[in-house]
Amino acid sequence: MPTIQEITALRKAGRLDEALQAAESEFAQNANNYTAGALFWCLNVLYKKPEQDVQTIVERMQRLYEDYCPGDVYMTRALESARNPHYQEVNRAVEESKAGVNALRNYQSVERLFSNGQLAPSLFQKFGWLIYYALRHTDTSHVQLRKEMLCHYLQLNLAKPSLLHSSILREAIRTERDTPLQFRFRDFIRLWGLENLTDDDWQQYKTEEGNTLLSTVEKLIGVYAKELKTDNVAATEEFAALVDRALEKYPNSQNMPYFKATVLISLERRDEAVGYYRDLILCFPSKFYLWQQTAELVDDPNMKTGLLCKAVTSGGDEQFLGGVRLALAQQLIEAGEMESGRYELDRYHDLYQSRGWGVKTKYWELFNHVRNVTAAADNREIYSIYSRYADEFVYGTLPVLPAVKISERTINDRNRPGRKFTVWTLRTKYGHLTVKKPQKFKLTAKERAGVLFNIKLYARKVVWMQAVDTLPQSDWVKELAGSLHLRTDRNGRKYAIIGGAYVGEKLLEGRSEGETVKIVAVKQDDGRFSAVSLKKIN
C-alpha cells in the first residue's frame, strides 16, 4: 500500500483520484492523525473541483480535523478558506497591505464584498485590520475616504477593548488633528467607547533623545477639547471624567489644565474654570502657561494684560514666550500703549527670526499699527503697573504675613545639572520658611539678612512677597539701636548685647568698640532675642 509520503506526492502531482483512493484505504485500515491528515488534504483539493457537493466534503474535513488533528494551524486556515470562498483573497489583501503594498486598492476590493453582504462574519476581524493598514497608508488630506473607512470599522462591531480598536482610535485622532472641522471626532468617540481605553493607551514613551511622547489618551483629549471649543458644545460626563483622571495621571502636563478649563467652560461653568486656574497658579506661580491660559478666560482688558505680563515675567524660557508676547502686544496696542506694544512685537520678531521660524499673520496685522512707532527701551514699568491687577486677582484674598530674611545659601539644581540656585530662609511669627529662587518675585538674590517682607502663603508655600521698610508691631521681631560694647565668651568668641538682644561674632566682623548700630532681632525658641542683621548708624 502507498505510504503517506507517496499519497502526498500523488496529490501534488495532480493525480487526485489515485491519491484519494489510497488515502481512503489507509484511513479505513488505520485511522490516526497521519492518515486523517492525508485524507483531509485530498478532500481539500476535491471540493474545489466542478460539480462537487462542497458542503458534504467540507463537513467531513471538519470531522477529520476535530477527531484527529484539533488545533492544527494549517488545517484551521484550510477550513476557514473552505467555508468562505473569499478567505484567501482577504488574507492576501491583509498581508500585502500590512507590508504597505496596494493598501487602498486591497481595502476597496474587500469593502465591495462587505457592502454586498458577501463577506463572512468570520472575516470581519481581518477586514478590521485591513481598514487600519489602509488608513495608515492614506494621507489625511483624503478626509472623506478616511471617514468612510472609520465608519466601516465601527459597523463591524468587533470585540473590544483590543489592540486593533486602539489602533483605529489613533487613526481617528490623526484625521481630526490634521483636518479639523471636517470630522466629528466626538461622534466617533461616542461609538468607539471611552470605556475601551487600555493601559497602553495611557502610556507615555521616551525618545532616544529623552523627549516624552504624548500618550494616546493625551492626544485624544487634545483633539476632543479643541472640538468642544470650536463647535461650542458641552462635554459629556464620560469625557469630563476622563480629563479628571488624566490630570492625576499627568501632573506635569502643560496642556491638561487648559483642557480641564475647556471642559468647565463647555459646561457653562466659566467662573469655576477661572477659579480652577487661580488655584493652579497659587500652587505653581512660576509656570508661565498658567498665567497665559488664565488670560484667555477673562474679559477685563486690564486683568488680561496683567495676566500676560505675569506670564512674560514668571521666568519661563524665552523660546516658549512668543505667543505670550504677541498676545500682550495686542492688549497694549488696544490700550494705546503703542511704544510698549512695539517693544513686545520686536521681542517676538527677534525670537522667531533667530530660530528661523515664520512669524504669524497676526504679527503683521499688529505691526501695521505701530510701524512708525519707536519701541520702548524696556517694559519693566508696564509690567509692574499691570501685574498689580493679576496679583490682586490671584493673591488678593490671602492674608499678609510679615517675615524677616535670616540667611541664604546656594544648592544644586537637579533639573539643570551643573547649575545652582539661591534659597532663602525666612522667619515668621510661626517659624521658619524657605524660598527657592527669590528672583521669581523680582527680588535681588543677594538681599541682606534682616530685610523685612510681607509674604502670602498657600499650602505652606510662599506664593507672593514684597519688601517693606517698616517693622510690624510684634512680640517676635524687634528693631533696636545702641552702642557696641564688645565682650568675649568662655570660648574666645566675640559678642555684644544691644537692648537685651544677643549679637553674634559674625555680625561684629569689622565693627569697633563704641560704634552706634541698629539691629534687627528675632525671638528664638528659648524666648531670647538674637540679631540677624546689623548696620552702623552714622
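- Under a 4.0 Å N-O distance rule, the pair R174/E171 qualifies as a salt bridge.
- A donor-acceptor contact closer than 3.5 angstrom links the side chains of S215 and Y250.
- In this structure, R60 pairs ionically with E24, as a charged nitrogen and a carboxylate oxygen lie closer than 4.0 Å.
- To the nearest 0.5 Å, atoms CG (L130) and CD (E95) are separated by 11.0 Å.
- In summary, the side chains of N91 and K126 do present a donor paired with an acceptor at a separation below 3.5 Å, with no hydrogens or angles considered.
- Ring centroid separation for the pair Y153 and H165 comes in under the 6.0 Å cut-off.
- Residues that satisfy the salt bridge (charged side-chain N to carboxylate O under 4.0 Å, His left out) test with R184, not counting sequence neighbours, are D187.
- Classification of R146 and D139 as a salt-bridged pair fails, no side-chain N sitting under 4.0 Å from a carboxylate O.
- Every residue two or more places apart in sequence or in another chain that forms a side-chain hydrogen bond (donor to acceptor under 3.5 Å, both in side chains) with N157 is listed here: K160.
- The number of heavy-atom neighbours closer than 6.0 Å to CG of D67, taken from other residues, nucleotides and ligands shown, is above 12.
- Each of K437, K436, K420 was compared with D413 under the salt bridge (charged side-chain N to carboxylate O under 4.0 Å, His left out) criterion, and only K437 meets it.
- Exactly one of W41, Y34, F40, Y68 qualifies for a ring pair (Phe, Tyr, Trp, His ring centres under 6.0 Å) with F27. That residue is Y68.
- With sequence neighbours left out, the salt bridge (charged side-chain N to carboxylate O under 4.0 Å, His left out) criterion links E296 to K229.
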